[in-house]
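All remarks here apply to the structure that follows.
Side chains are part of it too, since the values below use all heavy atoms of this structure and drop only hydrogens, waters and symmetry mates. Chain letters run A, B, ... following the sequence lines, proteins first and then strands; every chain starts at 1.
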Amino acid sequence: MPEIASATGFGFTPRTRLPDGLGRTGTISTPHGPIETPAFIAVGTKATVKAVLPESMAELGAQAVLANAYHLYLQPGADVVDEAGGLGPFMNWPGPTFTDSGGFQVMSLGVGFKKVLAMDTAGLADDDVIAEGRTRMAHVDDDGVTFTSPKDGSKHRFTPEGSMRIQHQLGADIIFAFDECTTLMNTRDYQESSVARTQAWALRCLTEHGRQTGLRADRPYQALFGVVQGAQFEDLRRQATRDLESLSIGGRGFDGYGIGGALEKENLGTIVRWVSEELPEEKPRHLLGISEPDDLFTAIENGADTFDCVSPSRVARNAAVYSRDGRFNVTNARHRRSFQPIDATCDCYTCTHYTRAYLHHLFKAGEMLSSTLCTIHNERFIVRLVDDIRASIHNGSFRELRDEVLGRYYASRSMRTGSTN
RNA sequence: GUGGGUGUAGCUCAGUUGGUAGAGCACCUGGUUGUGGUCCAGGCGGUCGCGGGUUCGAGUCCCGUCACUCACC
């Protein structure tokens with residue numbers, strides 16, 4: 001049934017739509033297999049989902065993996081991955097792959113994350129807003145970005161063309177345009193000029209992408225997603241979306257879109273809706289960097305098809321695990337003698353073989369198996385949640401599932417919060 | 001038995017010319033949303049071996065005592 005939409009091997013086929021929303025199910029076709037959407041894409045920044053075997057990721061239902069062009073460029077080098085036959089063969093992942101462009105690193109290496117931004121920015125240029133106590137390691141100009149490697153202090157230059165060349169060397173099925181990711185601290189004026197810059201870069205990405213595609217006709221087609229910025233401003237988001245969709249080189253525009261930038265829980269759904277309303281049905285929409293359960297429901301309801309996020313993996317390495325009754329730290333003292341799985345209803349390898357007491361022990365003892373087992377659980381939890389949401393859209397029970405899952409997941413949190421106040 | 005050393009938080013130790021105690025680890029609790037991977041932020045915790053003395057004031061000085069430890073008979 002999932003017909004291939006074009007001769008490229010890439011395509012998107014919408015399936016079922018929510019009766020009263022922009023949410024939908026669908027199938028993304030790639031040269032390395034289909035992705036049933038909505039889907040959570042596991043993050044494997046440096047060509048590995050930290051602490052977990054690719055076989056385990058496949059077993060827990062991960063449909064695709066997303067790596068990062070910037071990190072792989074620094075180490076081991078995009079040419080090495082290219083020589084290995086591309087990202088998939090290199091990391092022994094036979095399924096669909098994504099690479100992010102490195103655009104996010106402009107922000108994370110430059111001004112830092114939104115929560116740690118210095119509040120006093122008086123006297124500084126907009127692009128000099130910087131996190132307190134951090135050294136700026138990226139500078140943006142209209143042509144590209146200059147990075148300082150956090151690994152060895154060496155200087156590197158990223159441009160839209162460079163990112164495209166690197167991502168073609170990495171060879172993922174779906175790649176992203178090189179964009180500038182701003183923060184909520186930036187002024188409206190800066191957001192406007194940044195969106196304009198991202199738009200100009202988008203055209204350059206599309207042009208270089210066409211060139212690289214021609215040079216590598218022997219390889220499977222790589223789909224290019226444009227990235228929509230515009231922060232929390234409706235006019236900027238809508239215009240940015242239309243502008244990207246209007247681009248075309250040699251009769252070919254973007255194959256899909258990423259929604260990026262500063263998103264807060266309160267405006268996440270609204271922003272996804274603005275963008276989704278401006279986009280055609282037949283192009284997939286990827287929401288970058290989101291995976292909390294409530295955010296997933298909100299984003300899917302408003303039209304997002306795929307997601308990637310480091311959260312399940314990152315928090316797992318620090319003992320935080322998801323359960324249908326909310327998130328908790330398995331290192332809590334009360335789990336020392338808790339001989340039950342993290343979540344009795346979870347079907348993951350960890351929950352079917354190990355107890356909270358054992359995981360508690362592994363963390364306390366500093367054993368690295370703790371990371372492996374908890375990452376497997378968290379990744380499975382989010383993958384399965386999105387699978388359940390997909391099924392609910394098919395059978396018309398999306399709202400029931402949302403209310404049931406979120407009601408239970410966050411009830412325990414408010415109970416805990418309430419009891420400690 | 002004689003001489004020396006050491007006794008401060010659960011552990012290892014800091015505590016300056018006396019001004020009613022700190023660190024690291026451990027323990028407890030949070031946090032982490034296109035990964036600068038094993039981190040960040042809080043918190044609990046000590047009648048400074050014990051008993052006297054000097055002093056306005058002693059973990060710091062004096063006396064005694066106990067424990068551990070080293071060396072020598």
Side-chain angles (χ1 to χ4, degrees), chain A residues 40-52 65-72 74-75 98-116 131 133-138 147-153 163 172 174-182 225 227-229 257-265 268 286-296 298-299 304 306-320 322 327-329 331-336 362-372 374-375 378 382 413 416-417 419-420:
Chain A
F40 176 69
I41 313 303
V43 174
T45 302
K46 298 181 186 178
T48 169
V49 177
K50 298 182 194 303
V52 180
V65 171
L66 179 147
N68 185 281
Y70 171 73
H71 291 282
L72 291 175
L74 286 181
Q75 188 179 48
F98 294 56
T99 49
D100 191 13
S101 65
F104 179 74
Q105 277 62 38
V106 178
M107 191 270 281
S108 68
L109 292 169
V111 300
F113 295 95
K114 57 176 182 273
K115 299 298 184 193
V116 296
R134 299 178 72 162
T135 306
R136 171 181 276 279
M137 300 183 82
F147 293 100
T148 300
S149 167
K151 191 167 181 58
D152 60 10
S163 178
I174 294 171
I175 68 180
F176 284 93
F178 188 63
D179 64 322
E180 181 185 11
C181 180
T182 57
F225 283 25
V227 179
V228 178
Q229 293 291 345
Y257 293 90
I259 304 171
L263 302 172
E264 290 193 320
K265 278 189 176 296
L268 184 148
H286 181 90
L287 182 59
L288 289 151
I290 294 297
S291 77
E292 291 304 302
D294 54 342
D295 296 335
L296 290 171
T298 302
T306 52
F307 313 84
D308 70 276
C309 193
V310 302
S311 193
S313 157
R314 177 188 282 161
V315 303
R317 294 196 301 281
N318 290 301
Y322 302 120
R327 207 187 98 171
F328 65 89
N329 292 330
T331 46
N332 287 350
R334 66 178 182 276
H335 297 124
R336 189 162 124 78
L362 291 180
F363 274 109
K364 290 295 187 181
E367 288 291 341
M368 53 188 163
L369 185 58
S370 60
S371 293
T372 301
C374 287
T375 302
N378 279 357
I382 298 299
R413 172 183 289 184
R416 274 206 303 277
T417 306
S419 66
T420 54

Margin query: Can you tell me whether the side chain of A:Asn68 and the base of B:rG34 have a donor-acceptor pair closer than 3.5 Å?
Written below: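 A donor-acceptor contact between them is absent.
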Check: Is a donor-acceptor pair below 3.5 Å formed from side chain A:Arg314 to base B:rU32, judging by atom type as modelled?
Finding: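 Flag unset: no donor-acceptor pair detected.
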Checklist line | Parallel, tilted or perpendicular: ring planes of A:Tyr70 versus A:Phe147, cut at 30 and 60 degrees | finding: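 Tilted.
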Specify the closest pair of heavy atoms between [X] and [Y], including all atoms of both residues, with the distance to one decimal.
| X | Y | value |
| --- | --- | --- |
| A:Ala177 | A:Ser101 | O-OG, 3.1 Å |
| A:Thr331 | A:Ala319 | CG2-CB, 3.5 Å |
| A:Val227 | A:Leu288 | CG1-CD1, 4.0 Å |
| A:Leu287 | A:Ala304 | CB-CB, 4.2 Å |
| A:Ser313 | A:Lys50 | OG-CB, 4.3 Å |

Taking atom [atom1] in both [N] and [M], what distance in whole Å separates the two?
| N | M | atom1 | value |
| --- | --- | --- | --- |
| B:rC48 | B:rA21 | P | 10 Å |
| B:rC73 | B:rG64 | C1' | 26 Å |
| B:rG36 | B:rC27 | P | 29 Å |
| B:rG59 | B:rU47 | C1' | 12 Å |
| B:rU20 | B:rU60 | P | 13 Å |
| B:rC13 | B:rU8 | P | 9 Å |
| B:rU29 | B:rG37 | P | 28 Å |
| B:rG46 | B:rA14 | C1' | 15 Å |

Flag side-chain contact, heavy atom, 4.5 Å: [X] against [Y]:
| X | Y | result |
| --- | --- | --- |
| A:Gln229 | A:Cys181 | yes |
| A:Phe176 | A:Ser163 | no |
| A:Phe363 | A:Ser370 | yes |
| A:Ile174 | A:His286 | no |

Notebook entry, point to check: Side chain of A:Ser311: nearest nucleotide among B:rU35, B:rG34, B:rU33?
Noted result: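 Nucleotide nearest to A:Ser311's side chain: B:rU33.
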Would you tabulate the pairs of protein nitrogen or oxygen atoms and nucleotide nitrogen or oxygen atoms of nucleotides 40-42 of chain B closer than 3.5 angstrom?
none

Between [N] atom [atom2] and [X] atom [atom1], what is the distance in whole Å?
| X | N | atom1 | atom2 | result |
| --- | --- | --- | --- | --- |
| A:Glu264 | B:rU32 | CD | C1' | 16 Å |
| A:Asn378 | B:rU32 | CG | P | 13 Å |
| A:Phe178 | B:rG34 | CZ | P | 17 Å |
| A:Phe104 | B:rU33 | CZ | C1' | 9 Å |
| A:Asp294 | B:rU33 | CG | P | 14 Å |
| A:Ile382 | B:rU35 | CD1 | C1' | 16 Å |
| A:Glu292 | B:rG34 | CD | P | 10 Å |
| A:Ile290 | B:rU32 | CD1 | P | 12 Å |

Next item on the list: Using side-chain contact (heavy atoms from CB on, under 4.5 Å) as the criterion, list what pairs up with A:Ala67, not counting sequence neighbours.
Entry: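 Listed in chain order: A:Leu72, A:Leu87, A:Thr99.
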Margin query: Which residues pass the side-chain contact (heavy atoms from CB on, under 4.5 Å) test with A:Gln75, not counting sequence neighbours?
Written below: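 Testing A:Gln75 for side-chain contact (heavy atoms from CB on, under 4.5 Å), a comparison that skips the adjacent residues, returns A:Lys151.
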Margin query: To the nearest 0.5 Å, what is the distance between CG on A:Leu74 and CG on A:Asn68?
Written below: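 So the gap between those two atoms works out to 9.0 Å.
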Item checked: Straight-line distance of A:Arg327 CZ to A:Glu292 CD, nearest 0.5 Å ->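 If we round to the nearest 0.5 Å, A:Arg327:CZ and A:Glu292:CD are 6.5 Å apart.
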How is [X] classified with respect to the nucleic acid when contacts are heavy atoms under 4.0 Å: base, sugar-phosphate, or nothing?
| X | value |
| --- | --- |
| A:Gly261 | base |
| A:Gln229 | base |
| A:Asp308 | sugar-phosphate |

Polar-atom pairs under 3.5 Å, protein N or O versus N or O of nucleotides 37-39 of chain B: list them with distances, or write none.
| from | atom 1 | to | atom 2 | distance (Å) |
| --- | --- | --- | --- | --- |
| B:rC39 | N4 | A:Asn318 | OD1 | 3.2 |

Distances under 3.5 Å between protein N/O atoms and the N/O atoms of nucleotides 27-29 of chain B, please, pair by pair.
| from | atom 1 | to | atom 2 | distance (Å) |
| --- | --- | --- | --- | --- |
| B:rC28 | OP2 | A:Lys364 | NZ | 2.3 |
| B:rU29 | OP1 | A:Ala333 | N | 3.2 |
| B:rU29 | OP2 | A:Ala333 | N | 3.3 |

Item checked: Polar side-chain atom of A:Asn378 near backbone of A:Pro312 as donor-acceptor pair, under 3.5 Å ->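 It does hold such a pair.
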Next item on the list: Check step by step if side chain to side chain contact (heavy atoms under 4.5 Å, CB included) holds for A:Ile382 and A:Leu296.
Entry: CA-CA 9 Å; A:Ile382 298 299; A:Leu296 290 171; 3.9 Å; yes
Note to self: If a pair means Watson-Crick or G-U wobble with both distances below 3.5 Å, what does RNA chain B look like in dot-bracket form, with | marking bases paired to a different strand?
What the structure shows: (((((((..((((.....[..)))).(((((.......))))).....(((((..]....)))))))))))).
